[in-house]
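The block underneath contains the structure these notes are about, expressed in structure tokens.
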Amino acid sequence: MGLEVLDWVVIIAYMLLTIGIGFFVAKHKSKNITDFFVAGRNLPWWLLGTSIAATWFATDAPLAVTALVRTKGIYGNWLWWYLGTGIMMMVFFYAKYWRRSEILTDAEMIELRYSGQSASILRGFTAIFFGVFRNCISLGWVMLAMLKFSSIMLGWSAEVALIITLSFALIHTLTSGIKGVVILDMLHFSAGTISTILLAIIILVKVGGPTALATKIAASADAPPGILDMFPDLSHVGIIEVVSFICLIGVLWLGQAQGDGYIVQRLFSAKNEKHAIKASLWFAVAGVVILTWPWIVVGLGSIVMLPISEASPALLADPELAYPMMINAVLPIGLKGLLVAAFMAAFMSTVDTHLCWGGSYLVNDLYKRFINKTATASHYLLASRISIVLLLFLSAAAAWQMDSIAGAWIYIIEILSGIAIILVLRWFWWRINAWSEITSMITALILANGFLWIKWLYQLGWVTESVLNMVNRWYQDDVALIRATVILLLCTLISLIVTFMTKPVANEKLLTFYKQVRPKGWWGPIAAQLPEYVDHSSSRDTWLGFVFGVVFLNSILFSVGHAVLGSYTIAGVLAAIGILSGWLTLRLVERAKTQEI
């Protein structure tokens, strides 16, 4: 236990503050599920972008990042840095489309885009797949991280800490809906960011500054080879690592290009398209750049202050414990309490976001769509709150089955990769239909769980042990990203074959979708029927904005990284490139708006 009385005072005061804000927001009661899940579509970009970033700052991310640094090095963070490219594509290609859709969930978009029974089946399947299966896995690893964090930082049962924080999150979500969630996210993000930056600064001071940190780590016998490399280097890692990196930055970012369901829910809540675009852009900066490096500094500092050769058995077995151990090791009384409070708040922020997101699927896309279509607004609000409680219990059960945060991340990457290209094509090619998506989702699930199927067949005596061993090697973590790329290619090929074997979407449905969303791309037969709805904005500007946005994001990201390691000249050059490309990115965002009809 590393907390003193003053730390507990800070923690309790912070929790009381969140309760007060929650009750204040709860006074403005939701009248219907549109108010409850998308806040009447009237929230500003800065609040929405911060809310998305706050959801990223859950207890799981700092722990997983610290473990990646201790075991692989800085380049291991490409396991989530690659998302920056996908986010920039969302900024320029998808944010405006989502806001134009005027829907509550991304699953609802399916019946806006497709027609017939296949669309209904896909909408229901998507709601279960993302709202329950994927959502509960995501919440499960967040809960697992909170258990690990509490076991180090709190001198009492980690399970008790988890129950208390979950109760806070549940009560807040049930009473205030998405509006309360995003307002509290602003507080959580501010407290969490400030406290983690302070922790990183204190660590840098204790080790003698950025240059001393880099020097000590380079001379450390405990550090993994190439720990300071920001890109995988063949002289330090194997060919599998390099190929996995190429897969990440080459194609796997497409799985995040449209945005996760909870991100899309925020875009639905924006005042207009411009606010949706700016929210996405601010999220990219806040999530990928601002949050990343303080966590990496803790991981690097832990190599010096908690060397592997002197680590406890618990830390050797689970490097994700290094982050809370560093908090105990370096923070003074009071500030330690603030960081613990920030972590508990970040945990609650992520939980209430995922509960609100998952509940919107269960109510809007399952209960209201298929079970009870004519109930009152108050009845659907009650159903929303019941679904949120149900999701909480299912997520806790998922957490009980996990032992690795990063492993759960990789599993989700595999599944999302399988459906990535088809989800992109549904916006830009009129010929994609519901069966295309159904095929990609089912194929992705089968391939991502391939070892379980082969193991089952082996137990039945239908495959040999040599086949089992061969498949087992293919499903090891070190080739997971290569496997995800293969899954993406196979799912896309099979789905395209099914697309041409099935009928197109009804023309009337395509016309309705085109009028509302005004997509660009291969919509010739539909656009010819609706020339007055054609989007005349410059495709060249959209692509330039995307390219400059990626350059901006990565230049700033690595500028901060080189500054942290004492390479100030390189940091300055990258900062200048980032500022210029960022200015061009904002100019292109504004110009794209003025060109639209």
Side-chain angles (χ1 to χ4, degrees), residues 78-79 82-83 85-86 89 106 110 113-114 118 121-122 125-126 128-130 133-134 137 239-260 407-458 462-464 466-504 521-522:
W78 279 103
L79 191 58
Y82 83 102
L83 298 172
T85 302
M89 177 156 275
D106 51 335
I110 290 168
R113 171 65 173 84
Y114 306 127
S118 59
I121 293 172
L122 178 59
F125 182 77
T126 298
I128 295 172
F129 179 79
F130 286 101
F133 177 73
R134 193 220 165 163
I137 290 177
I239 187 65
I240 289 179
E241 294 277 2
V242 175
V243 173
S244 297
F245 168 74
I246 293 171
C247 291
L248 268 180
I249 66 169
V251 293
L252 294 181
W253 56 268
L254 284 169
Q256 294 291 329
Q258 294 187 89
D260 272 339
W409 280 5
I410 291 171
Y411 179 64
I412 290 298
I413 288 174
E414 287 184 47
I415 294 176
L416 293 183
S417 297
I419 62 179
I421 293 179
I422 296 301
L423 292 186
V424 168
L425 288 176
R426 73 178 177 184
W427 295 100
F428 299 106
W429 186 28
W430 71 274
R431 187 61 180 80
I432 292 294
N433 59 36
W435 291 114
S436 311
E437 287 197 32
I438 292 172
T439 302
S440 67
M441 295 178 77
I442 293 176
T443 308
L445 278 173
I446 292 173
L447 294 177
N449 295 283
F451 178 68
L452 296 178
W453 302 113
I454 298 300
K455 186 177 180 180
W456 178 64
L457 293 175
Y458 170 74
W462 292 359
V463 299
T464 64
S466 60
V467 172
L468 178 68
N469 292 334
M470 180 179 64
V471 173
N472 183 41
R473 179 66 189 92
W474 176 241
Y475 279 88
Q476 294 300 304
D477 285 347
D478 62 338
V479 294
L481 301 178
I482 301 173
R483 184 171 65 248
T485 303
V486 173
I487 289 174
L488 177 146
L489 296 174
L490 287 175
C491 288
T492 302
L493 176 61
I494 295 170
S495 298
L496 289 176
I497 293 172
V498 170
T499 299
F500 288 109
M501 292 176 61
T502 51
K503 294 181 179 180
W522 299 285

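In what follows, every heavy atom counts, from backbone to side chain, and hydrogens, waters and symmetry copies are set aside.
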Rounded to the nearest 0.5 angstrom, the SG-CG distance for Cys491 and Leu447 is 5.0 Å

In this structure, CZ of Phe130 is separated from CG of Leu416 (nearest 0.5 Å) by 6.0 Å

Is it true that atom OH of Tyr475 has more than 12 heavy atoms of other residues, nucleotides or ligands lying nearer than 6.0 Å? yes

Note: Tyr82 and Leu79 closest approach over all heavy atoms is CE2-O, 3.0 Å

By salt bridge (charged side-chain N to carboxylate O under 4.0 Å, His left out), Arg473 pairs with (sequence neighbours left out) Asp478

Between Trp474 and Ile454, does the side chain to side chain contact (heavy atoms under 4.5 Å, CB included) criterion hold? Intermediate values first, please.
CA-CA 12 Å; Trp474 176 241; Ile454 298 300; over 6 Å; no

Here the salt bridge (Lys or Arg N to Asp or Glu O under 4.0 Å) pairs for residues 481-493, sequence neighbours left out, are Glu414-Arg483

Residues at least two apart in sequence or cross-chain that pass side-chain contact (heavy atoms from CB on, under 4.5 Å) with Asn449, listed by chain then number, are Tyr411, Leu445, Leu452, Trp453

Interatomic distance, CH2@Trp456 vs CH2@Trp462, rounded to 0.5 Å, equals 5.5 Å

*asked:* Is there a side-chain contact between Arg431 and Leu425 in this structure, where contact means two heavy atoms from C-beta onward sitting under 4.5 Å apart?
replied: no

Across all chains, not counting sequence neighbours, the side chain to side chain donor-acceptor pair (under 3.5 Å) partners of Trp430 are none

Sorted by chain and residue number, the side chain to side chain donor-acceptor pair (under 3.5 Å) partners of Asn472 (sequence neighbours excluded) come out as Gln476

Exercise. Under a 4.5 Å cut-off applied to non-hydrogen side-chain atoms, are Glu241 and Trp78 in contact?
Worked result: no

Distance col, row Leu481:CG vs Ser244:OG, nearest 0.5 angstrom, shows 5.0 Å

Next on the checklist: Val467 vs Tyr458, test: side chain to side chain contact (heavy atoms under 4.5 Å, CB included). Steps then yes/no.
Outcome noted: CA-CA 9 Å; Val467 172; Tyr458 170 74; over 6 Å; no

For Arg426, the salt bridge (charged side-chain N to carboxylate O under 4.0 Å, His left out) test, sequence neighbours excluded, returns Glu437

Sorted by chain and residue number, the side-chain contact (heavy atoms from CB on, under 4.5 Å) partners of Ser436 (sequence neighbours excluded) come out as Ile422, Ile432, Asn433, Thr499

Separation between CD1 (Ile421) and CG (Leu489), nearest 0.5 Å, reads 6.5 Å

One should read off an interatomic distance between Ile442 CD1 and Ile494 CD1, to the nearest 0.5 angstrom, of 11.0 Å

For Phe129, the ring pair (Phe, Tyr, Trp, His ring centres under 6.0 Å) test, sequence neighbours excluded, returns Phe133

Sorted by chain and residue number, the side-chain contact (heavy atoms from CB on, under 4.5 Å) partners of Ser466 (sequence neighbours excluded) come out as Thr464

(message) Walk me through whether Phe451 and Leu468 qualify under side chain to side chain contact (heavy atoms under 4.5 Å, CB included).
(response) CA-CA 8 Å; Phe451 178 68; Leu468 178 68; 3.7 Å; yes

Which donor-acceptor pairs under 3.5 Å do the side chains of residues 246-254 make with protein atoms, sequence neighbours left out?
unit_1: Trp253; atom_1: NE1; unit_2: Ile249; atom_2: O; d: 3.2
unit_1: Trp253; atom_1: NE1; unit_2: Gly250; atom_2: O; d: 3.2

Is the side chain of Ser495 donor-acceptor paired with the backbone N or O of Ser440 at a distance under 3.5 Å, no angle test? yes

Contacts of Arg113 meeting side chain to side chain donor-acceptor pair (under 3.5 Å) (sequence neighbours excluded), chain-then-number -> none

Leu493 meets the side-chain contact (heavy atoms from CB on, under 4.5 Å) criterion, sequence neighbours left out, with Ile497

